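Below: the structure, in structure tokens.
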There are 2 protein chains.
Amino acid sequence: MTTIYDIAKRTGYSPTTVSKAFNNYSDVRAKTRQEILEAAREMGYLPNAHARTLTTKKSWTIGVLFVEGTGAGIRHPFFGAVIESFKQVAVDKGYALMFISKDVGGKQSGYLENCRIHGVDGVVVLLSDYDDPYFQELLDSSIPMVILDYETAQAHTVCSDNTAGALQAVEYLVSLGHRRIAHISGGKGTFPGKQREQGFVAAMESHGLEIPGDYIVEGAFYSLDSGYAAMQQLLALRERPTAVFASGDLLAQGAVMAARDSGLAVPADISVMGFDDIELSKFVTPALTTVQQNTAVLGRRAAEVLLDSIDQGRGDMQALVFPVEVVVRESCAPPAEE
Amino acid sequence: MTTIYDIAKRTGYSPTTVSKAFNNYSDVRAKTRQEILEAAREMGYLPNAHARTLTTKKSWTIGVLFVEGTGAGIRHPFFGAVIESFKQVAVDKGYALMFISKDVGGKQSGYLENCRIHGVDGVVVLLSDYDDPYFQELLDSSIPMVILDYETAQAHTVCSDNTAGALQAVEYLVSLGHRRIAHISGGKGTFPGKQREQGFVAAMESHGLEIPGDYIVEGAFYSLDSGYAAMQQLLALRERPTAVFASGDLLAQGAVMAARDSGLAVPADISVMGFDDIELSKFVTPALTTVQQNTAVLGRRAAEVLLDSIDQGRGDMQALVFPVEVVVRESCAPPAEE
DNA sequence: AGTGAACATTAAAGGGCTTACATTTGCAGC
DNA sequence: GCTGCAAATGTAAGCCCTTTAATGTTCACT
């Protein structure tokens, strides 16, 4: 492994000058730099990131906290799309992404600890359980951080406008003529789930529509199965809804399947609407009408906010909220005549 | 930031002893270790991974080369599932995962260069374009490496049995009574695509079935669109196939959509079969009959092979091949009477 | 020739950790 | 009380890089 000392020896300059040549210091003569760079190339020199980090205290590494243990992990369709777009700008600015787990080598250590050990310059958080004490510990630290799908004054946050999204969804269903609209919630435990539910309630009220107590049912973990189960409950009601707005696309798809298994056609007999617009939703039949989150923008802006925060230091926390859009496909239609 | 020196000062021991205490050296007295660990805890000490790496030459980091630039990235449904399972065992053994890109900070540097700079202990490769010169450069290096979906004597590789998979697919279609079976190939540029195509050809031959020249059409990039286009070609043929075996699920789904748009019902009028069993395939209508790759095993075994190779050093290269399985769903049926 | 500014280079320290080797301690055995 | 040996601890160098402060050079101008 060649080091700057090797280059120094070979070129006759000192290690200092070699280092400066690489770091574009103005006080090394153009010709000198040429010589050094040339020698470095010939010798196959590559800087050692660890050594550099040790002295500069800057690792050019960003920690990624990604949903773990839910079985989905990296496959999480929404976060996966966001991190992909995040990655592009981070890499472009010279950062590498490193997954930070809370249990490494079989021992529970926590997010903060592992961030410190690896000296990450900042952290992007894509978690679904924001009550996790290890997350809280990290949140209380002073590591530059951007969090997705959450809001807090303690860090920069990037969200879609869940409330408005729910509102638009209801608007759309109402515009089709629906009045008995139910909601499959993502659960109060999750931040977006709560917001979407609130948006739903508010939107219904603003239209003077009643929400029977059993018209809001919880779908745990945004999973297909729980969407299915939730829909079964809704279908068993005496006064069955004509449309269902689900807090996530997988929930919605589960609902569609439950409806179908009960002999109901979607959207002819009952309309179903989702949230997120994951890739899946285009391909199912009927293609899912849903509220689309702009994952590309979410990821990009999250990266920009984080990198700024790394550069500028702790400033005012930003809470970015991005608009969403109803994507009309095939799973909603006017209610059947009664 | 507390260092072992701080702990040394506080406890009265030397930095050496402190270091040894953390690293479970046998030559530090139990009581001494206690004291030191206790002090460390109180002082909030955490080891500095970079400093440690600098001296030990071991970073406890694994580089991940993941498809870039195809638009899918981390969302790649098959590789995403594999890396998730890979990650679990790597993390469990104490490794962290770091994404290695070829262009960092806006300049082309290549995979090998970035691996060296970050001193990764090993690399897992999930790429689709194995002709990339930067990948070749890495392959020629001596970094411990495991590659997915590829075979070469230069590194450990982990694959599904693509040939057998294609064979099983054909068997299944034949068992339903099909004789005019076409193939939408993943393209000869991709390793699994080639294997599946060969498997298809061999299987057809073994059944004495003819493959008209235009019964094999290439679907670039395994994308939905190209599956759609490929299917259109097949449907335009004078003697249209009764079943189509596609090299990937997205291709298959594209084919299904093309068939539908041509007024054909799947599977009543034409059967379509895929490969991979990505998450999507369960949810589309008709649910896709496909050849399932066992991503959990693929990822786990890839990790095991790589970690062994890191520990044991360069030994014989392993080429692991795992069996696949036909998952029967709804997209295939006996051919229509003629 | 002498002065000072501007430029070019270097020595040395430091960042946090490990490790080969050296030294001290404790204690059994005489 | 002394020797000798194992156990326990310490010294110091080294990993590779950056940076501050100091030294050395050049050159324009009086």
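Keep in mind that this is a model prediction, so the values were computed, not measured. Here is the naming used below: chain letters follow the sequence lines, and residue numbers restart at 1 for every chain.
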Using a cut-off of strictly less than 4.0 Å, decide whether [X] has a side-chain nitrogen or oxygen near OP1 or OP2 of [N].
X       : N      : value
B:Lys57 : D:dC16 : yes
A:Thr17 : C:dT10 : yes
A:Thr32 : C:dT9  : yes
A:Asn48 : D:dC15 : no
A:Tyr25 : D:dT19 : yes

From [atom1] of [X] over to [atom2] of [N], roughly how many Å is that when rounded to an integer?
X       : N      : atom1 : atom2 : value
B:Phe22 : C:dG16 : CZ    : P     : 14 Å
B:Arg52 : D:dC17 : CZ    : P     : 21 Å
A:Ile36 : C:dA8  : CD1   : C1'   : 11 Å
B:Leu54 : C:dC17 : CG    : P     : 12 Å
B:Lys20 : D:dA8  : NZ    : P     : 11 Å
B:Lys9  : C:dG16 : NZ    : P     : 12 Å
B:Met43 : C:dG16 : CE    : C1'   : 14 Å
B:Ile4  : C:dT19 : CD1   : P     : 11 Å

Take the angle between the ring planes of A:Phe66 and A:Phe99 and call it parallel below 30°, perpendicular above 60°, tilted in between.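 Perpendicular.
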Under 4.0 Å between any heavy atoms, over every strand shown, what does A:Thr16 touch: base, sugar-phosphate, or nothing? Just pick one.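 A:Thr16: base contact, heavy atoms under 4.0 Å.
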Does B:Gly12 reach a base, just sugar-phosphate, or nothing at all? Heavy atoms under 4.0 Å.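 Result for B:Gly12 = sugar-phosphate.
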Taking atom types as they are modelled, would you say the side chain of A:Ser19 forms a donor-acceptor pair with the base of D:dT19 within the 3.5 Å cutoff?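 By the distance-only test, no, there is no pair.
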Under-3.5 Å donor-acceptor pair between B:Thr56 side chain and C:dT18 base: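 In this structure, the two groups form no donor-acceptor pair.
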Do any N or O atoms from the side chain of A:Tyr150 and from the backbone of A:Leu126 form a donor-acceptor pair under 3.5 angstrom?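 Flag not set: sc A:Tyr150 to bb A:Leu126 has no pair under 3.5 Å.
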Taking for each residue the nucleotide of DNA chain C bearing the nearest heavy atom, is the 5' side occupied by A:Tyr5 or by A:Arg29?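 Taking each residue's closest nucleotide, the earlier one in sequence belongs to A:Arg29.
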Is there side-chain contact between A:Thr152 and A:Met317, with heavy atoms separated by less than 4.5 Å?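 Heavy-atom side-chain distance check fails, nothing below 4.5 Å.
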What I'd like to find out is whether the side chain of B:Leu127 reaches to under 4.5 Å of the side chain of B:Asp132, using heavy atoms alone.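 No, too far: nothing below the 4.5 Å cut-off.
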By nearest nucleotide on DNA chain D, pick out whichever of B:Asp27 and A:Tyr45 is the more 5' one.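 It is B:Asp27 whose nearest nucleotide is closer to the 5' end.
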Starting at the 5' end of DNA chain D, which residue's closest nucleotide do you reach first, B:Ser14 or A:Ala51?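 Comparing both residues, the 5'-ward one is B:Ser14.
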Go through B:Tyr222 and B:Phe78 one step at a time and tell me if the ring-ring contact (aromatic ring centres under 6.0 Å, His included) criterion holds. CA-CA 11 Å; B:Tyr222 288 89; B:Phe78 170 66; 9.7 Å; no
